[in-house]
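The block underneath contains the structure these notes are about, expressed in structure tokens.
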Amino acid sequence: MRVLIIGGGGREHAIAYKIAQSKKVTELFCAPGNAGIKEYAACVPIGVMEFERLADFAEKESIDLTVVGPDDPLVGGIVDVFKQRGLRVFGPDKAAAVIEGSKAFSKDLMKKYNIPTAGYETFTEASKAYDYLNNCTYPVVLKADGLALGKGVLICNTRQEACDGVKLIMEDKQFGSSGDTMVIEEFMTGREVSVLAFCDGTDIAVMTSAQDHKRAKDNDQGLNTGGMGTFSPSPFYTKAIDAYCMEHIYRPTMAAMKKEGRSFTGILFFGLMLTDKGPIVIEYNARFGDPETQVVLPRLKNDIVEVFEACVEGRLSEIRLDFEDNAAVCVVLASQGYPLSYEKGFPIEGLDEFKDNDSVFIFHAGTANDQERIVTAGGRVLGVTATGNTLKEARENAYQAAEKVTFTNKYARSDIGKAIDEV
Ligand code: AMP
Ligand code: GLY
């Protein structure tokens, strides 16, 4: 089989690594890819939003299956373009990807189908949002309706902060048209867990759990980022919680989407919060999480291409997912200053050390080739993932490996997986 991956971050590097293990795959391509993905795939310089050019490439190269990584092309309708041209593609179409593309849509869906989530109101006029803030309990959570690179959520402790937030989102248009509509949500507390699942439109196969670390600094301080590290499995996500979520969240979401005429095929990502009153959905994503994928896929035993094909062909019920009985931790190495401004172009040393190591994986996120060298080219530069028999062992291995990879202005959180110590 000839397979094309769309995207060029750490998530796509982890997907490429996993697809490259498949017995079914003879040729692997990635558009645009990155300096690390080159090890597994021929990288093609076409951007993720250039749908027609990507489809031309898939046609010309007789690609048997295209796997889409990022949210922007999915929400933009890349799957519809590929399908219209008779190309086989793994991912939700535009009608289904709206579950991530519009927070107002996903909140209304949960309300309509009794899927547990935080209470909320939706606003399309700033004046009504300001009125609402006069009479609500603080903190509140403001969410721009559309995609905002993970930055469109503001937790506001006072009315003044919330008013500033409404101005930023709805009037100053900090996130562009993503802020034309806004959701104001009840503030909830509890542990967060990320659960990714393969979906074929009807059936759902849930993967092992993971926990992200979204804030830039230790002890969950600093700004929200795309994710500074992950571990898998989450020891807090018990069998009982899994069973509850299957009955009240996962299957009802699949059924709801089908009923709405938006059957979901692809990866559905449940951002859960384990509250005192039980698990609730904080958000849905219509794709693999990043960096969650970097700790989940190295633990997956199945041939991932077989699972992708089962999803596309509507026969996911034939597949039984199987995960290693181990653990994985990913520490993100970022450029100092991320998620705000940072310098790039610094050479990265120490990458070769792990080439033949089957328990350490260095997934590239923001890297580039500069002649013979690999240099930093983004905010999140690399994800250093290590496995171990236990979470503690995996964490030790990940931090040891992370020490050995160096570049100017390297920054990492030192407390990824700290929660493990509370178990
Ligand atoms: P989201 O992009 O919707 O996942 O939100 C980003 C982060 O904001 C989440 O991972 C949570 O940490 C936090 N958050 C979102 N919604 C709420 C909420 N209703 N209550 C408390 N924290 C929230
Ligand atoms: N790590 C969270 C996300 O992928 O949205």
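When a ligand or atom number is given, it counts from 1 through the structure's own listing order.
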Output, or 'none' if empty, a list of ligand 1-protein atom pairs in which both atoms are N or O and the distance is under 3.5 Å, rounded to 0.1 Å.
residue	atom	partner	partner atom	Å
ligand 1	2 (O)	Glu283	OE1	3.4
ligand 1	3 (O)	Lys103	NZ	3.4
ligand 1	3 (O)	Lys143	NZ	3.4
ligand 1	4 (O)	Glu283	OE1	3.3
ligand 1	4 (O)	Glu283	OE2	2.8
ligand 1	10 (O)	Glu192	OE1	2.6
ligand 1	10 (O)	Lys214	NZ	3.0
ligand 1	12 (O)	Glu192	OE1	3.4
ligand 1	12 (O)	Glu192	OE2	2.4
ligand 1	16 (N)	Lys143	NZ	3.0
ligand 1	19 (N)	Glu185	OE2	2.6
ligand 1	19 (N)	Glu186	O	2.9
ligand 1	20 (N)	Met188	N	2.9

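- Shown in contact with Gly226 at under 4.0 Å from a heavy atom are these atoms of ligand 2, numbered in order with element: 1 (N).
- Atoms of ligand 2 lying under 4.0 Å from at least one heavy atom of Arg287, given by number and element, are 3 (C), 4 (O), 5 (O).
- Side chain to side chain, Thr230 and Asp212 fail the donor-acceptor criterion of an N or O pair below 3.5 Å.
- Using the six-membered ring where Trp is involved, His13 and Phe363 have ring planes that are perpendicular, over 60° apart on the 30 and 60° scheme.
- No option in Arg413, Arg191, Lys214 other than Arg413 meets the salt bridge (Lys or Arg N to Asp or Glu O under 4.0 Å) test with Asp220.
- Within a 6.0 Å radius of NZ in Lys94, no more than 12 heavy atoms belonging to other residues, nucleotides or ligands are found.
- Contacts with ligand 2 closer than 4.0 Å are made by side-chain heavy atoms of Asn285 only, the backbone lying farther away.
- Each of the atoms 4 (O) of ligand 2 lies under 4.0 Å from some heavy atom of Gly289.
- Side-chain rings of Tyr342 and Tyr411 stay apart, their centers remaining 6.0 Å or farther from each other.
- Shown are Glu185, Glu283, Glu121; of these, the salt bridge (Lys or Arg N to Asp or Glu O under 4.0 Å) with Lys103 is made only by Glu283.
- Below 30°, between 30° and 60°, or above 60°: for Phe198 and Phe288 the angle between ring planes is above 60°, a perpendicular geometry.
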### Task
Given salt bridge (Lys or Arg N to Asp or Glu O under 4.0 Å), test Glu292 with Arg287 step by step and report yes or no.
CA-CA 11 Å; Glu292 284 88 342; Arg287 52 168 174 84; over 6 Å; no
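- Heavy-atom contacts of Glu292 reach the following atoms of ligand 2: 1 (N), 2 (C), 4 (O) (cutoff under 4.0 Å).
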### Task
Could you go through the salt bridge (Lys or Arg N to Asp or Glu O under 4.0 Å) check for Glu39 and Lys355 one step at a time?
CA-CA 10 Å; Glu39 194 187 328; Lys355 279 236 153 84; 5.6 Å; no
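- Between Asp212 and ligand 2, a contact under 3.5 Å exists for at least one N or O pair.
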